[in-house]
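Below is one structure, written out as structure tokens, with a few remarks after it.
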Amino acid sequence: PSEERRIRYEFAIHMNVNHPGLIRYKGYFYNTDGHLCIMIEKSWETLLNWINSQKEKGEPFTELELWNIFIQIAQGVSHLNKNRIIHIDL
């Protein structure tokens, strides 16, 4: 299939995924240079930002916080797997 068709198909799959631990896809378009631009919902906090914030403060995560992070990631991946979706960049 053409790249455009593949992108439309993949996007349709991701737009229908609804889980609190996953960022929702909103749409896509090609800019004037022909580059694909993907629109996703705004996420106010990312795991990387949280890790960096804790590191800057010199405050390690508690065991409970680490378990909470792990469980949320596992639940998001499980939701994708149940819907037969493979995601390569967690």
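- In this structure, Q75 has no side-chain hydrogen bond (donor to acceptor under 3.5 Å, both in side chains) partners at least two apart in sequence or on a different chain.
- Using a 4.5 Å cut-off between side-chain heavy atoms of Ile, Leu, Val, Met, Phe, Trp and Tyr, M39 falls into a hydrophobic cluster with F29.
- Summarising the local packing, NZ of K26 is surrounded by more than 12 heavy atoms from other residues, nucleotides or ligands at distances under 6.0 Å.
- One hydrophobic cluster, built from ILVMFWY side chains closer than 4.5 Å, cannot hold both V77 and I71; they sit in different ones.
- By the 4.5 Å heavy-atom criterion applied to side chains, L47 and I73 are counted as neighbours.
- Judged by distance alone, with hydrogens and angles left aside, the side-chain atoms of Q54 form a donor-acceptor pair with the main-chain N or O of E59 at under 3.5 Å.
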Tell me, with the steps shown, if I13 and Y9 meet side-chain contact (heavy atoms from CB on, under 4.5 Å).
CA-CA 6 Å; I13 291 170; Y9 177 73; 3.5 Å; yes
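- Residue pairs meeting the salt bridge (Lys or Arg N to Asp or Glu O under 4.0 Å) criterion with at least one partner in residues 9-25, sequence neighbours excluded, are R6-E10.
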E56 and N52: CA distance, side-chain angles, deciding distance, side-chain hydrogen bond (donor to acceptor under 3.5 Å, both in side chains) verdict
CA-CA 6 Å; E56 288 173 8; N52 288 335; over 6 Å; no
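- Here the closest non-hydrogen pair linking L22 and E41 is O-OE2, 3.6 Å.
- For the atom pair CG (N83) and NE2 (H79), the distance works out to 4.5 Å, reported to the nearest 0.5 Å.
- By the ring-ring contact (aromatic ring centres under 6.0 Å, His included) test, F70 pairs with W67, sequence neighbours left out.
- Using a 4.5 Å cut-off between side-chain heavy atoms of Ile, Leu, Val, Met, Phe, Trp and Tyr, Y25 falls into a hydrophobic cluster with I7, F11, M15, I23, Y28, Y30, L36, I38, I40.
- With sequence neighbours left out, the side-chain hydrogen bond (donor to acceptor under 3.5 Å, both in side chains) criterion links N81 to no other residue.
- Judged by distance alone, the side chain of N31 and the main-chain N or O of D33 form a donor-acceptor pair under 3.5 Å.
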